[in-house]
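Just so we're on the same page: letters track the sequence lines, and every chain starts at 1. Quantities reported herein were computed from a predicted structural model and do not represent experimental measurements.
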Amino acid sequence: MCEPREGLWRFDMKRIWFVAAMVVGVSQTVSVPLLAHHSFAATYFEDKTQTIEGDLIQFQFRNPHSYVHLEAPDENGQMQRWAVEWGSGMQLSTQGLSATALKAGDHVVITGSPGRNPDDHRLRMKSITRPKDGFKWNGTFS
Amino acid sequence: MLARISRLIGLTLFVSSSLMSVPALAQTDFSGMWGQRYYEDQEERAPGGELGDYTGLPLNDAARLRADSWDASLYGIAEWQCRPHSALYMWRSVHPVRIWNELEPITGEIIAIHANFQDLLERVVYLDGRPHPPEEAPHTWTGFSTGKWEGDMLSVNTTHLKEYIIRRDGVPVSDRTTMTEHWMRHGDYLTIVQVVTDPVYLTEPFIQSTDFVLDTHLQFVPELCEIEEETDHPHGWVPHRLPGTAHDSEDFAKKHNLPVEAAKGGAETMYPDYRAKLKVKP
């Protein structure tokens, strides 16, 4: 049986390592098909409502839940980075929303249920409006 | 004479082959897509139960302390966002389940049953008589399951589970938990009865039933989980509530006009005669 030449063998090994690295890399970036669904009632004061108004920093359109991050003042007037939990990307897609529905810099008004841990500065989305163009969403999600 | 013998052998072979084609056991076919059917368990299965609701749980003081100190914000940290429910909680999730049989290729005997929960967790229930792994074998979210037929009912024994929660307000179950399930099919309805035993956090077996309905139109929609920074905290921050500081764990009792002691669960509170005991307490 013919043995591969040393140079060719080295080349093949390089290719193998390259392919292996690609596979590992891709598997790291591809979404992980696992999630645990947390309890809303355990995370938020669902019987309370809080309104915040500010500029959007980031819109994470994703599973298990989307997040809207914005900079807005707290009840003491101090600026905070807020995390507002929304429906999963899958749920929002069925309501006609997409990853481009909101953009960084958008000025928005959000109402939601405040988080039980005040240090989190988080809300569970009840409604969001963007006065600039009248974009509005209100509803519920699981 | 030879012709008579040939006819007799032929008849014997025909009768034998006919008898062999009859299934040896009246096993139930669980295969198919099963959608959730919510009844009194809707709140727990969909949005999630309320903080401090330990009613109906035979938990001990150690479990109560851990649950009172548990913080749901844990699910916001990167390491937790994409954790699956363990096999013992998955039936209570919002996810449908696809069940199919794995057949022995020659005999057609069912050697395993697979239960896939929206591609988030896939359990295998072995029916080929294999033993459970040794105690020191790794524990996983699915655990290790073997099953046996009891008439039409499939009884499943699961060991080697990871530590998890038994309710989404943080009531824990340890990695020494074992679970017996009884899978029952009545027409298009599937009922799963779970009997959960945990020597660390439960003083009695915890029993619950969950229902599904056969849905031939149901298809899994990919729901891939992406890890992102959800809340703004310093690196290494771990959500927690120190014992004695979590006063909102009594909100459930107040909201539903229950004595706090009753809402805090325990085996004693699970039985009807507990109501009589409550009446005589000051």
Side-chain angles (χ1 to χ4, degrees), chain A residues 28-48 57-72 74 79-94 99 113-124 140-142, chain B residues 42-53 67 70-76 80-86 89-90 92-95 117-122 141 164-165 167-170 220-233 237 239-241 246 248-249 251-252 255:
Chain A
Q28 296 286 318
T29 54
V30 165
S31 308
V32 184
L34 302 168
L35 75 150
H37 191 78
H38 64 74
S39 165
F40 291 124
T43 313
Y44 301 96
F45 289 111
E46 296 214 282
D47 53 345
K48 296 179 183 173
I57 300 169
Q58 187 185 18
F59 176 35
Q60 297 174 347
F61 184 80
R62 63 187 265 269
N63 297 317
H65 289 108
S66 300
Y67 272 83
V68 174
H69 292 263
L70 73 157
E71 199 162 38
D74 61 18
M79 291 304 280
Q80 302 288 354
R81 181 182 174 124
W82 294 84
V84 185
E85 184 170 359
W86 209 352
S88 68
M90 190 177 69
Q91 284 180 315
L92 296 182
S93 295
T94 62
S113 302
R116 288 180 178 272
N117 185 343
D119 292 339
D120 277 351
H121 298 105
R122 68 192 291 170
L123 302 177
R124 183 187 178 197
T140 187
F141 57 88
S142 60
Chain B
Q42 185 274 340
E43 188 174 339
E44 189 194 335
R45 290 174 71 181
E50 295 180 63
L51 210 56
D53 174 12
W70 182 80
D71 191 333
S73 295
L74 277 166
Y75 283 109
W80 281 59
Q81 287 172 25
C82 293
R83 278 190 178 192
H85 289 310
S86 87
Y89 194 84
M90 204 49 159
R92 305 294 277 186
S93 74
V94 292
H95 304 293
F117 298 83
Q118 206 167 349
D119 289 337
L120 305 171
L121 191 78
E122 183 172 319
W141 297 116
Y164 198 57
I165 52 173
R167 194 171 278 175
R168 279 185 287 158
D169 53 3
F220 282 161
V221 178
E223 191 171 329
L224 303 177
C225 181
E226 297 171 41
I227 297 169
E228 297 265 11
E229 289 296 329
E230 289 185 355
T231 51
D232 190 23
H233 285 291
W237 174 78
H240 64 280
R241 294 141 62 98
D248 54 357
S249 68
D251 288 355
F252 171 78
K255 180 179 172 184

Could you tell me if the side chain of [Y] sits less than 4.5 Å from the side chain of [X], heavy atoms only?
| X | Y | answer |
| --- | --- | --- |
| B/Q81 | A/R62 | yes |
| A/E85 | B/E230 | no |
| A/H121 | B/D232 | no |
| B/T231 | A/R81 | no |

Holding to salt bridge (Lys or Arg N to Asp or Glu O under 4.0 Å), I want the full list of residues that pass it with A/E46, two or more places apart in sequence or in another chain.
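Scan of A/E46 (salt bridge (Lys or Arg N to Asp or Glu O under 4.0 Å), adjacent residues dropped) gives A/R124.
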With B/D251 via salt bridge (Lys or Arg N to Asp or Glu O under 4.0 Å) - residues at least two apart
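By the salt bridge (Lys or Arg N to Asp or Glu O under 4.0 Å) rule, B/D251 matches A/R116.
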Gap separating the [atom1] atom of [X] from the [atom2] atom of [Y], nearest 0.5 angstrom:
| X | Y | atom1 | atom2 | answer |
| --- | --- | --- | --- | --- |
| A/N117 | B/H240 | CG | NE2 | 9.0 Å |
| B/E43 | A/F40 | CD | CZ | 12.5 Å |
| B/E226 | A/S88 | CD | OG | 11.0 Å |

Heavy-atom closest contact (A/A41 atom, B/G48 atom, distance)
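Closest heavy-atom pair between A/A41 and B/G48: CB-O, 4.0 Å.
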Please report the shortest heavy-atom distance between B/A72 and A/A42, naming the atom on each side.
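Closest approach of B/A72 to A/A42, heavy atoms only: CB-O, 3.5 Å.
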Region of [X] that comes under 4.5 Å of a non-hydrogen atom in chain B:
| X | result |
| --- | --- |
| A/D119 | both |
| A/D120 | both |
| A/F45 | side chain |

Counting only non-hydrogen atoms closer than 4.5 Å, does B/E229 touch chain A with its backbone (N, CA, C, O), its side chain (CB onward), both, or neither?
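For B/E229, the contact with chain A is made by the backbone alone.
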Measure B/S93 against the heavy atoms of chain A and call it side chain, backbone, both or neither at under 4.5 Å.
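For B/S93, neither part sits under 4.5 Å from chain A.
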